[in-house]
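Just so you know, these numbers come straight off a predicted model, no measurement behind them. Remember, it's 1-based here, ligands and their atoms both numbered in the order they're listed. Below, all heavy atoms of this structure are taken into account, side chains as well, without hydrogens, waters or symmetry copies.
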Amino acid sequence: MENCLFCKIIKHEIPAEIIFENEKVLAFKDITPQAPVHILVIPKEHISSPEEISEANSAIAGEVIAAAAAIAKQQNLEGYRLVFNCNEIAGQTVFHLHCHLLGGRKMNWPPG
Ligand code: AMP
Ligand code: ZN
């Protein structure tokens, strides 16, 4: 989608530190890391938020989570947190579905 930051990263129009890529999914380092490991895992298909996941496209959510888990393993993370922010009130700033993979430090619960 035009004017989508993450679609531009997928098309290599904007640089990113890419960690993993396959046909369906791309993973890259978050530019403002909130933990020693902070990687964003995104579908290559433009889906704007978790609200746009339906039966027709839900397989991609599994692909994103499986990729995040594989990356966490490859990064030797003892534990990690996966976060999908949905809508501005929950902290979503980029409207292309993304899974935050956070690890490398103790995580607090409840989150802020
Ligand atoms: P969210 O606030 O959940 O929408 O997450 C968007 C994330 O994208 C934030 O954690 C930003 O730091 C990150 N971000 C924004 N621009 C870039 C970029 N050019 N490269 C990598 N990460 C980015
Ligand atoms: Zn997009």
Side-chain angles (χ1 to χ4, degrees):
M1 176 171 281
E2 259 179 64
N3 292 326
C4 170
L5 177 67
F6 288 174
C7 282
K8 286 181 181 167
I9 289 176
I10 291 164
K11 288 185 269 178
H12 302 285
E13 289 173 8
I14 289 178
E17 262 193 81
I18 292 171
I19 300 290
F20 172 81
E21 181 166 13
N22 69 17
E23 213 177 275
K24 292 179 180 158
V25 168
L26 181 72
F28 52 93
K29 286 193 183 176
D30 195 293
I31 206 166
T32 311
Q34 303 301 322
V37 175
H38 188 172
I39 292 166
L40 299 173
V41 186
I42 67 173
K44 287 191 172 174
E45 175 189 352
H46 181 90
I47 296 168
S48 57
S49 88
E51 277 186 332
E52 301 303 318
I53 295 285
S54 65
E55 243 180 73
N57 64 7
S58 63
I60 195 63
E63 300 270 357
V64 165
I65 293 170
I71 294 163
K73 196 171 182 184
Q74 185 255 325
Q75 300 266 333
N76 293 314
L77 295 178
E78 187 187 337
Y80 53 91
R81 183 170 291 171
L82 303 181
V83 175
F84 291 86
N85 293 325
C86 184
N87 290 337
E88 271 177 49
I89 195 167
Q92 187 176 9
T93 58
V94 178
F95 284 77
H96 180 125
L97 185 73
H98 50 281
C99 175
H100 294 262
L101 165 59
L102 296 150
R105 67 165 167 83
K106 176 91 171 69
M107 297 289 160
N108 300 316
W109 194 263

Indicate yes or no for a side-chain donor-acceptor contact from [X] to the backbone of [Y] under 3.5 Å, with no hydrogens or angles considered.
X	Y	value
Q92	N87	yes
N22	V25	yes
K44	C7	no

Item checked: Note, L26 side chain near F6 side chain (heavy atom, < 4.5 Å) -> no
Checklist line | Distance flag, aromatic centroids of H98 and F84, threshold under 6.0 Å | finding: no
Atom pairs, nitrogen or oxygen, ligand 1 to protein, under 3.5 angstrom:
unit_1	atom_1	unit_2	atom_2	d
ligand 1	2 (O)	G91	O	2.7
ligand 1	2 (O)	T93	N	3.4
ligand 1	2 (O)	T93	OG1	3.0
ligand 1	3 (O)	N85	ND2	2.8
ligand 1	3 (O)	H98	NE2	2.8
ligand 1	3 (O)	H100	NE2	2.8
ligand 1	4 (O)	T93	N	2.7
ligand 1	4 (O)	T93	OG1	3.2
ligand 1	4 (O)	V94	N	3.0
ligand 1	4 (O)	H98	NE2	2.9
ligand 1	5 (O)	H98	NE2	2.9
ligand 1	5 (O)	H100	NE2	3.2
ligand 1	10 (O)	D30	OD1	3.3
ligand 1	10 (O)	D30	OD2	2.5
ligand 1	12 (O)	D30	OD1	2.5
ligand 1	22 (N)	I31	N	3.2

Next item on the list: Please state whether the rings of H96 and H46 are parallel, tilted or perpendicular, taking 30° and 60° as the class boundaries.
Entry: perpendicular
Got a sec: does the [atom1] of [X] have more than 12 other heavy atoms crowding it under 6.0 Å?
X	atom1	answer
E13	CD	yes
M1	CE	no
K11	NZ	yes

Note to self: Let's test this: below 2.8 Å, count the protein N/O/S atoms around the Zn ion (ligand 2).
What the structure shows: 4
